[in-house]
Amino acid sequence: GYLRIIMALVVIVTFIPASAAAPMISMLTRTRMEDESTLADKIMRNVKLVFIIALVMATVVILVLPWLIPFLFGHEYVEATGAAALAMITAILMAVIGVIGNALFSAKRIDLIFFSTLIQAGVFFIAGVLLIPIYGLLGYLVAELIGLLVILVVVYYHSLSWLRMNAVQFSWLRKMLIPLALLTAYSINQVSYNGIPSINNSLVGFAGLIFICIWGYKVVLDNVERNVIRRWLGVNN
């Protein structure tokens with residue numbers, strides 16, 4: 001029952017990236033055919049924007065989880081709060097991997113999608129065998145998180161030379177690790193607390209949300225991407 005709740009909540013974070021899959025694949029395919037030299041930059045920009053959107057959405061969900069779960073599923077499931085908070089970190093990585101999958105699909109590299117899925121499943125299986133018998137649901141989520149992290153590390157190092165060859169800037173990735181680390185720490189705190197947070201804890205969480213929004217907009221995004229965000233929000237430049 002807890003796992004079903006978590007899967008339903010993960011959809012909140014992954015919904016926007018998943019709904020954008022079809023137009024993203026179309027756009028990347030058209031870019032590859034018309035001007036392949038800009039493909040790497042387009043892919044990285046999509047990864048960045050999806051990363052930030054998923055991070056903000058996950059933060060909002062984590063903050064309201066102690067009240068959202070009892071409201072939607074009943075008070076008997078409030079103990080799923082901690083595990084669900086950890087699952088939001090997994091949802092962020094799933095959203096990013098979704099963009100990578102879209103890029104591979106647009107390039108007709110179904111073989112790479114298959115092998116990456118195979119590696120992820122293998123790592124998840126090994127980690128799950130070790131962790132699930134000891135930690136139960138938390139072990140399942142950690143095993144899933146490890147599998148996603150392994151895939152992202154493998155993709156990053158195998159794409160590094162291609163990104164550099166196309167002069168793609170990816171220094172923003174180190175900057176994004178700061179809010180991701182803060183959110184992970186807050187999620188781990190939710191796992192240990194696993195209940196209605198104190199006022200101070202809630203204030204820290206909402207301050208973190210404001211920090212993530214400002215940091216992502218001012219530090220991580222460049223001018224072109226900020227203009228895209230403003231157009232999405234209907235704000236004049």
Notebook entry, point to check: Got Met88 and Tyr186 here, is their nearest side-chain heavy-atom distance under 4.5 Å?
Noted result: no
Note to self: Is any side-chain heavy atom of Leu39 closer than 4.5 Å to one of Ile43?
What the structure shows: yes
Margin query: What I'd like to find out is whether the side chain of Val219 reaches to under 4.5 Å of the side chain of Trp172, using heavy atoms alone.
Written below: no
Notebook entry, point to check: Is there any ring pair (Phe, Tyr, Trp, His ring centres under 6.0 Å) pair reaching into residues 94-130, and which pairs are they, with sequence neighbours excluded?
Noted result: Phe124-Tyr140
Margin query: So, taking the atom named OG in Ser187 and the one named CD1 in Ile89, what distance separates them when rounded to the nearest 0.5 Å?
Written below: 3.5 Å
Notebook entry, point to check: Can you tell me if OH on Tyr77 sees more than 12 non-hydrogen neighbours from other groups inside 6.0 Å?
Noted result: no
Note to self: Taking the side chain as everything from C-beta on, heavy atoms only, tell me whether Leu152 gets closer than 4.5 Å to Ile100.
What the structure shows: yes
Next item on the list: Taking side-chain hydrogen bond (donor to acceptor under 3.5 Å, both in side chains) as the test, write out the residues that go with Glu144, two or more places apart.
Entry: none
Can you give each donor-acceptor pair under 3.5 Å made by side-chain atoms of residues 4-21, sequence neighbours left out, with the distance rounded to 0.1 Å?
| from | atom 1 | to | atom 2 | distance (Å) |
| --- | --- | --- | --- | --- |
| Thr14 | OG1 | Val10 | O | 3.2 |
| Ser19 | OG | Phe15 | O | 3.1 |
| Ser19 | OG | Ile16 | O | 2.8 |

Check: How far apart are the C-alpha atoms of Ile97 and Met94, what are their side-chain angles, what is the distance that settles it, and do they pass the side-chain contact (heavy atoms from CB on, under 4.5 Å) test?
Finding: CA-CA 5 Å; Ile97 289 176; Met94 289 172 60; 5.7 Å; no
Check: Quick one: are Ile210 and Phe206 in side-chain contact, heavy atoms under 4.5 Å?
Finding: no
Check: Side chains of Leu183 and Ile92: does their closest heavy-atom pair fall under 4.5 Å?
Finding: yes
Check: Would you say the side chain of Val154 lies within less than 4.5 Å of the side chain of Ser116, judging by non-hydrogen atoms?
Finding: no
Checklist line | Thr184 (side chain) donor-acceptor with Leu180 (main chain) under 3.5 angstrom | finding: yes
